[in-house]
Amino acid sequence: MSSLWSGVPPELRRSIALVTLAVALVGVAYGVTATANGFLVWQIVLLAVIVLAGSAELLFVGLVGAGASPWLALGASLLLNLRNVVYGMAASPLLTGWRRWVGAHLVNDETVALAAVPSTPRPANLPQRTLAHRRATFFLTGIGVAVGWPVGAVVGATLGQVVPEPEAWGLDAVLPALLGALAMPAVRSGSAVAVAVLAGAIALVATPHVPLGLAPVIGLVAVAVLLVGRGRAGRPGSAAGLDAGVTS
């Protein structure tokens with residue numbers, strides 16, 4: 001742990017601590033919600049440790065609590081977690097050798113976002129971030145999430161037995177706020193803003209018509225398909241590519 005801590009850039013250590021705290025708070029919301037939907041404490045904690053995917057777990061317990069089949073809830077949760085395929089590709093350079101088997105369980109929104117925080121511009125007194133810095137950031141954040149989430153779930157499961165209306169706490173808003181804050185540093189160029197806005201608009205339109213949690217995946221897939229198609233159209237010799245310029 002001490003070697004990981006020393007390997008993390010000093011300016012990111014506070015962010016990792018805040019992410020761990022935020023994840024624990026969302027874990028409290030998950031534990032409270034799961035308890036209200038009839039899950040036992042040991043089931044809540046087991047899911048938190050094995051799955052370690054907050055939005056998927058919240059979706060699963062919510063659908064089961066609403067009367068859906070556990071298999072249907074499982075399928076929806078797996079669809080929601082398809083984004084981890086992209087996260088895994090982004091984290092692949094950090095997870096070589098035995099680290100891949102350990103790190104695969106820690107791949108999630110927070111670990112990849114902090115490990116990929118842009119290193120420029122940086123003050124002259126701070127060294128450029130290396131692969132080792134990013135790897136240490138990834139694993140330390142992952143350990144924080146792996147500890148904070150189950151601990152929050154235990155607290156939430158305990159509180160859920162005595163709190164009649166857990167939704168009044170508003171803890172379900174912590175996760176979207178956290179993910180938005182983590183994504184902001186990467187959305188700097190005009191093209192990145194356009195992609196984010198387009199994906200968000202598609203997800204917003206799709207939300208009333210698809211199962212809970214699937215709209216963001218549809219937004220990401222739709223934009224990815226559009227970008228791939230645009231890239232092919234923009235290749236030399238393609239008539240469609242002659243007017244496919246993008247200004248940022």
Q. If you look at every heavy atom in Leu94 and Arg135, which pair is closest and at what distance?
A. O-NE, 2.9 Å

Q. Which residue pairs satisfy the side-chain hydrogen bond (donor to acceptor under 3.5 Å, both in side chains) criterion with at least one member in residues 17-28, sequence neighbours excluded?
A. none

Q: Say whether, by atom type as modelled, one donor and one acceptor occur between the side chain of Thr137 and the main chain of Ala115 under 3.5 angstrom.
A: no

Q: Mind checking the CG-OG spacing from Leu63 to Ser69? Nearest 0.5 Å is all I need.
A: 10.0 Å

(Q) Rounded to the nearest 0.5 Å, what separates atom CZ in Phe60 from atom CG in Asn37? (A) 11.0 Å

Q | Gap separating the CG atom of Leu114 from the OG1 atom of Thr141, nearest 0.5 angstrom | A | 4.5 Å

Q. Linking I/L/V/M/F/W/Y whenever their side-chain heavy atoms sit closer than 4.5 Å, directly or via other members, would Val154 and Leu159 fall into one cluster?
A. no

(Q) Could you report the tightest heavy-atom contact between Ile44 and Ala157, atom names first, then the distance? (A) CD1-CB, 3.8 Å

Q) Does Val45 belong to the same Ile/Leu/Val/Met/Phe/Trp/Tyr cluster as Val64, with side-chain heavy atoms less than 4.5 Å apart forming each link? A) no

Q. When rounded to the nearest 0.5 angstrom, what distance separates CD1 in Ile50 from CD in Glu57?
A. 10.0 Å

Q: Show the numbers, then the answer: is there a side-chain contact (heavy atoms from CB on, under 4.5 Å) between Thr111 and Phe139?
A: CA-CA 7 Å; Thr111 55; Phe139 276 103; over 6 Å; no

Q.
Are Val41 and Leu46 linked, directly or through intermediate hydrophobic residues, by side-chain heavy-atom contacts shorter than 4.5 Å (ILVMFWY only)?
A. no

Q | Closest heavy-atom pair and its distance - Phe138, Gly103 | A | CZ-O, 3.6 Å

**Q.** Residue pairs passing the ring pair (Phe, Tyr, Trp, His ring centres under 6.0 Å) test where at least one lies in residues 73-115, sequence neighbours excluded
**A.** none

Q: Considering non-hydrogen atoms only, spot the tightest contact between Ala146 and Leu106 and give its length.
A: CB-CD2, 4.1 Å

Q | Path from Leu58 to Leu78 over hydrophobic side-chain contacts below 4.5 Å | A | yes

Q | Spacing of CG belonging to Asn84 relative to CG belonging to Leu52, to within rounding of 0.5 Å | A | 9.5 Å

Q | Pairs touching residues 15-37 that satisfy ring pair (Phe, Tyr, Trp, His ring centres under 6.0 Å), sequence neighbours left out | A | Tyr30-Trp149

Q) Can you tell if the side chain of Val28 reaches within under 4.5 Å of the side chain of Val32, non-hydrogen atoms only? A) yes

(Q) According to a hydrophobic-cluster definition based on side-chain heavy atoms being under 4.5 Å apart (Ile, Leu, Val, Met, Phe, Trp, Tyr only), do Val147 and Val19 belong together? (A) yes

**Q.** Distance in Å, Leu12 CG paired with Arg134 CZ, rounded so as to fall on 0.5 Å steps
**A.** 8.5 Å

(Q) Please check this pair: side chain of Ser92 against backbone of Gly88, looking for a donor-acceptor N/O pair closer than 3.5 Å. (A) no

Q: Kindly indicate whether the side chain of Thr33, heavy atoms from C-beta on, has any atom under 4.5 Å from the side chain of Phe39.
A: no

Q) Minimum heavy-atom separation for Ala91 to Val107, with atom names? A) CB-CG2, 4.3 Å

(Q) Show the nearest heavy-atom pair for residues Arg99 and Leu95, with the distance to one decimal. (A) O-CD2, 3.9 Å

